[in-house]
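First comes the structure, then the notes that go with it.
As the structure is a prediction and not an experimental result, all values here were calculated from the model.
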Amino acid sequence: FLMITSSIEVIRRSYFEVFWYTHQMFIIFFAAFLGHGFGELIDGQDNTDVHDPETCYRLNRAVNGTCFSVIFEGDSIPNRCDLNTPTFSHAGAQSWKWVVGPLALYFLERVVRIWRSWTPAVVHRVVQHPSKVLEIQMQKDGVYPEVGQYIFLQAPEISPLEWHPLTLSSSPEEDYFSVHIRVVGDWTENLARRCGMNITGKPEDEPPPVTSPPVLLVDGPFGTASEDVFKHRVAVCIGAGIGVTPFASVLKSIWYQSLDPTSLITVQKVYFYWLCSDLTAFEWFADLMRSLEQQMNDNGRGDFVQFRIYLTRPGDSPEKIRQHVAFAMADDGQPIVQMQDANVLQYLKPKWVTVFESIGNNHQGEDIGVFFCGPKALSSRLHTICNQFTNIATGTRFFYNKENF
């Protein structure tokens, strides 16, 4: 009961530790399940060869409280209930036969993951970004991530049991792998303080000097749908809020491959859409977009990636949003979003039907990969629109890939 009730979405999102710890009770559940039957509380019939329950059900009928036998063609005399009585004995434990195989595979996987994550990662650099975002750059032998993958991260000094899934923001071309962590809970706050990050910015909250980096255990990386982005000539990447993180890896990889004259990039056009309610929370990503755009222009490929940012603040008018953007400045005093294309920043929600209709018309006869990371509600709508604009007659096909949070 506790495992089921703690699995509802409200508990998982707001009280993750409650959800995680109650689910460790599966050990108690399976221990009891394996021992079920050893108490021999339930007996089983052991003479079904001469007293078959199904045959007895047909032969013996109760009518007006009187029991009589009816013999059908094919019924043998030894199976008549009036000649043989059922006998019972303890059947013993049987449940273990059904779960021992899956449990063996599970524990084998756990042993492999423990062995793989036993050696701590080497923390090379910790960067404090604005708006309570912490970047950790690491290295570890045997970890060679691809674009858009994720890892499980554990900080034994903070919690020896908790493993947190984090999307990698680095690209395969870099000599390290990194994660961007937004400080929003107890675990992330403790990790930020351990890394020497002042969360509030107040002098009285200044953490003690960091003499050594935190010990971090890494399990992974694990694959996601974003890995297939380079299998398509045309890619549509859509991130909502924090769902933009996996596309940092994708855009960085595009950047590095564009610098390599010997690299053959399969994808020829990238449409990138970012829905965000507060740009100040993702200044690090806005910086990446500015750098990528500049690099593409310098290489004469300014139209390779088309950026569109939709800034939506619930309840705010477009004028108030523009005012918000005007005052959202980076550390160097420059606007957070300062792209060369004036149409990059939009102040309303995108009209997805118009967007996909335009992309389909521009790339008729091609397979277009759509990659989304964000909430489920928007994912369902985008999936429907992809199916709507897949045109067999023209050969235009949209292949939808998603990651939900």
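A cation-pi geometry, defined here as NZ or CZ lying under 6.0 Å from the six-membered ring centre and within 45° of its normal, does not hold between Lys402 and Tyr400. In this structure, Arg397 forms no cation-pi arrangement with Phe389, as its terminal cationic atom is not both closer than 6.0 Å to the ring centre and no more than 45° off the ring axis.
With hydrogens and angles ignored, the 3.5 Å screen pairs a side-chain donor or acceptor of Lys140 with a backbone N or O of Val218. Glu146 places no side-chain N or O within donor-acceptor distance of the main-chain N or O of Gly223, the cut-off being under 3.5 Å.
Taking the ring centroids of Phe398 and His383, they lie at or beyond the 6.0 Å cut-off. Aromatic rings from Tyr144 and Phe177 are positioned such that their centres are separated by 6.0 Å or more. Centroid-to-centroid, the aromatic rings of Trp352 and Tyr273 come within less than 6.0 Å. A ring-centre distance under 6.0 Å is found for Phe222 and Tyr150.
Asp141 CG: 12 or fewer foreign heavy atoms inside a 6.0 Å radius. In the displayed structure, Ile392 atom CD1 is contacted under 6.0 Å by at most 12 heavy atoms of other residues, nucleotides or ligands.
Aromatic ring pairs are classed by plane angle as parallel below 30°, tilted from 30° to 60° and perpendicular above 60°; the pair Tyr106 and Phe26 is perpendicular. Taking the six-membered ring for Trp and thresholds of 30 and 60 degrees, His232 and Phe371 have ring planes more than 60 degrees apart, a perpendicular arrangement.
For Ala225 against Asn401, the heavy-atom pair with the smallest separation is CB-CB, 3.6 Å. Heavy-atom minimum distance, Ser249 versus Gly148: OG-N, 3.3 Å.
Residues satisfying the side chain to side chain donor-acceptor pair (under 3.5 Å) test with Ser380, not counting sequence neighbours, are none. In this view, Arg125 satisfies the side chain to side chain donor-acceptor pair (under 3.5 Å) rule with no residue, not counting sequence neighbours.
A donor-acceptor contact under 3.5 angstrom links the side chains of His23 and Ser7, judged on distance only.
Leu378 contributes atom CG, which lies 7.0 Å from atom CD1 of Ile238 (distance to the nearest 0.5 angstrom).
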